[in-house]
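Heads up: numbering here begins at 1 and tracks the sequence. Start at 1 and go down the list; that is how both ligands and their atoms are numbered.
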Amino acid sequence: MRTTYASDPREKSPRSAGGRGSGIRGVSEVPGARIPIDEQTRVLVLTGAGISAESGLATFRGAGGLWDGHPVEQVASPEGFAADPELVWRFYSMRRREAAAAAPNDAHRALAALEDRLGDRFLLATQNVDGLHARAGSRRVVELHGTLWRSRCSRCLRPPIPDAAFPVEPPLPRCACGALLRPDIVWFGEMLDAATTQRVDRFMRGAAGAPFVFLAVGTSGHVYPAAGYVQVARFHGAQTWLANLDPAENAGAFDHVVAGPAGTTLPRLLGVVV
Ligand code: BV8
Ligand code: ZN
């Protein structure tokens with residue numbers, strides 16, 4: 001698949017914004033591209049760490065996928081927590097501190113503005129646990145991988161509790177049952193919460209037959225099941241757009257690829273003022 005980037009204004013997109021007809025996929029849009037969204041259109045957005053990069057938060061791939069020399073998949077896993085809960089709590093306390101000090105950027109705000117316009121024709125599924133979408137005013141948000149701002153018991157099924165503490169050494173926080181608390185986050189090797197995946201599936205089924213746009217922003221398309229949503233959306237007839245700084249692993253699955261920092265590309269692509 002050939003991908004050229006919007007930074008090359010001489011590249012003219014062969015396709016009219018409406019149809020998928022041209023058959024040439026992955027040709028990036030020239031500056032000024034605009035996602036066609038009318039009064040019937042449903043929009044499902046998937047975001048990843050890249051949308052929070054301009055808020056100063058590290059991405060996974062950006063940091064070489066490492067934290068403190070540990071592969072993130074190791075720190076962010078039940079095995080990692082069982083092996084060294086202090087290390088994992090230091091990792092998440094650092095993430096909490098950084099997210100608390102960060103602020104939403106124009107890309108977050110552009111999505112909140114689009115939601116205001118579309119209402120229930122809009123859904124935002126995020127892989128991010130930083131909470132910046134909600135702080136930007138987004139309400140129809142599905143946190144696929146949980147959140148930094150709750151903790152739950154690593155053993156019993158007591159409901160999660162709001163938690164903004166920064167534990168880094170013993171005594172680590174414990175549940176009333178005596179077991180260790182852990183961040184309410186979906187770790188590698190763990191299933192996503194059924195309610196969250198059902199809400200996304202329900203939205204896609206509801207969008208089938210109507211003008212349907214699937215937009216992925218700031219994600220490398222590396223982690224499943226989120227990286228597979230573009231294929232499911234295509235199955236339901238969506239026009240698929242990727243707005244990313246670098247080529248994503250699943251870029252070939254998108255009809256339109258727009259390169260550049262989301263804080264710049266999203267307001268223009270969505271035709272919103274932030
Ligand atoms: C599961 C919470 C059932 C923790 C996270 C099928 C095939 C292969 C593997 C699997 C598969 N099915 C399941 C797996 C295993 C695994 C997986 O996908 N592994 C990967 C590594 C291959 N998936 C799971 O374990 C999932 N559970 O499937 O359960 C099961 C279980 C076992 C076995 C089978 C089935 C659970 C996955 C969730 C894990 N938790 N996060 C935490 O955050 O600490 S995932 C975490 O990593 C993030 O949430 C996110 O999802 C992912 C990182 O990806 P991105 O967000 O995309 O970030 P990345 O840094 O990679 O990319 C950033 C992008 O932004 C870049 O492309 C860059 O160009 C761009 N960018 C940068 N700046 C900007 C920008 N773009 C625009 N503007 C900018 N300014
Ligand atoms: Zn407990």
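Checked by distance only, ligand 1 and Phe60 come closer than 3.5 Å through their nitrogen or oxygen atoms. In terms of N/O distances under 3.5 Å, ligand 1 is approached by Leu245. At least one N or O atom of Tyr92 sits closer than 3.5 Å to an N or O atom of ligand 1. Between Asn128 and ligand 1, not a single N/O pair is under 3.5 Å apart. The N/O atoms of Val186, backbone and side chain alike, include one that comes under 3.5 Å of an N/O atom in ligand 1. Between Gly48 and ligand 1, no N or O atom pair is found at a separation short of 3.5 Å.
Salt bridge status for Arg135 with Asp130: absent, with no side-chain N to carboxylate O gap under 4.0 Å.
With ligand atoms numbered from 1 in the order given, ligand 1 contributes 63 (C), 64 (C), 65 (O), 76 (N) to contacts under 4.0 Å with heavy atoms of Gly218. For ligand 1, the atoms lying closer than 4.0 Å to a non-hydrogen atom of Gln127 are 48 (C), 49 (O), 50 (C), 51 (O). Near Glu190, the atoms of ligand 1 lying under 4.0 angstrom from a non-hydrogen atom of the residue are 1 (C), 26 (C), 27 (N), 29 (O), 36 (C). Those atoms of ligand 1 that come under 4.0 Å of a heavy atom in His222, given as number and element, are 20 (C), 21 (C), 22 (C). Residue contact check: Ile185 has heavy atoms under 4.0 Å from atoms 2 (C), 4 (C) of ligand 1. Which parts of ligand 1 touch Met191 is read off a 4.0 Å heavy-atom cut-off, strictly below it: atoms 3 (C), 29 (O). Residue contact check: Gly260 has heavy atoms under 4.0 Å from atoms 77 (C), 78 (N) of ligand 1. Applying the 4.0 Å criterion to heavy atoms of Thr219 picks out, from ligand 1, the atoms 55 (P), 57 (O), 64 (C), 65 (O), 67 (O).
Relative ring orientation between Phe81 and Trp187 is described as tilted, the plane-to-plane angle lying within the 30° to 60° band.
Atom CZ of Arg199 sits about 10.5 Å away from atom CG of Leu144, to the nearest 0.5 Å. Summarising the geometry, atom CG belonging to Asp84 is positioned 14.0 Å from atom CH2 belonging to Trp89; distances are rounded to the nearest 0.5 Å. The line from CZ of Arg121 to OG1 of Thr41 is 6.5 Å long, rounded to the nearest 0.5 Å.
Around atom 32 (C) of ligand 1, the closest heavy atom drawn from Gly189, Gly221, Ala262 belongs to Gly189. Of the options Asp246, Leu266, Thr147, the smallest heavy-atom separation from atom 68 (C) of ligand 1 is shown by Asp246. The closest non-hydrogen atom to atom 17 (C) of ligand 1, taken over Tyr224, Phe91, Trp187, comes from Tyr224. Looking at Pro261, Pro247, Ser55, Ala49, it is Ala49 that brings a heavy atom closest to atom 56 (O) of ligand 1.
Under the side chain to side chain contact (heavy atoms under 4.5 Å, CB included) rule, His133 has a single partner from Val142, Val45, Leu124, which is Leu124.
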For His145 and Leu192, run side chain to side chain contact (heavy atoms under 4.5 Å, CB included): C-alpha distance rounded to whole Å, both residues' side-chain angles, the deciding distance at 0.1 Å, then the answer.
CA-CA 7 Å; His145 297 161; Leu192 276 58; 4.2 Å; yes

Would you check, one step at a time, whether the test side-chain hydrogen bond (donor to acceptor under 3.5 Å, both in side chains) holds for Arg234 with Thr240?
CA-CA 7 Å; Arg234 294 183 70 81; Thr240 55; 3.1 Å; yes

Would you check, one step at a time, whether the test side chain to side chain contact (heavy atoms under 4.5 Å, CB included) holds for Thr219 with Thr47?
CA-CA 6 Å; Thr219 184; Thr47 62; over 6 Å; no

Full working for side chain to side chain contact (heavy atoms under 4.5 Å, CB included) between Glu143 and Thr196
CA-CA 7 Å; Glu143 294 178 308; Thr196 58; over 6 Å; no

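Applying the under-4.5 Å side-chain rule to Ile, Leu, Val, Met, Phe, Trp and Tyr, the cluster around Leu132 extends to Leu57.
Side-chain contact between Leu266 and Leu215 is present, with at least one heavy-atom pair separated by less than 4.5 Å.
Shown here for Ala233 and Phe212, the closest heavy-atom pair between the two residues is O-CE2, 4.0 Å. Val129 approaches Gly146 most closely through the heavy-atom pair CG1-O, 3.4 Å.
Figure legend: Arg140 and Phe122 shown without cation-pi pairing, the cationic atom not lying both under 6.0 angstrom from the six-membered ring centre and within 45 degrees of its axis.
Atoms of the protein (N, O or S only) found under 2.8 Å from the Zn ion (ligand 2) are Cys153 SG, Cys156 SG, Cys175 SG, Cys177 SG.
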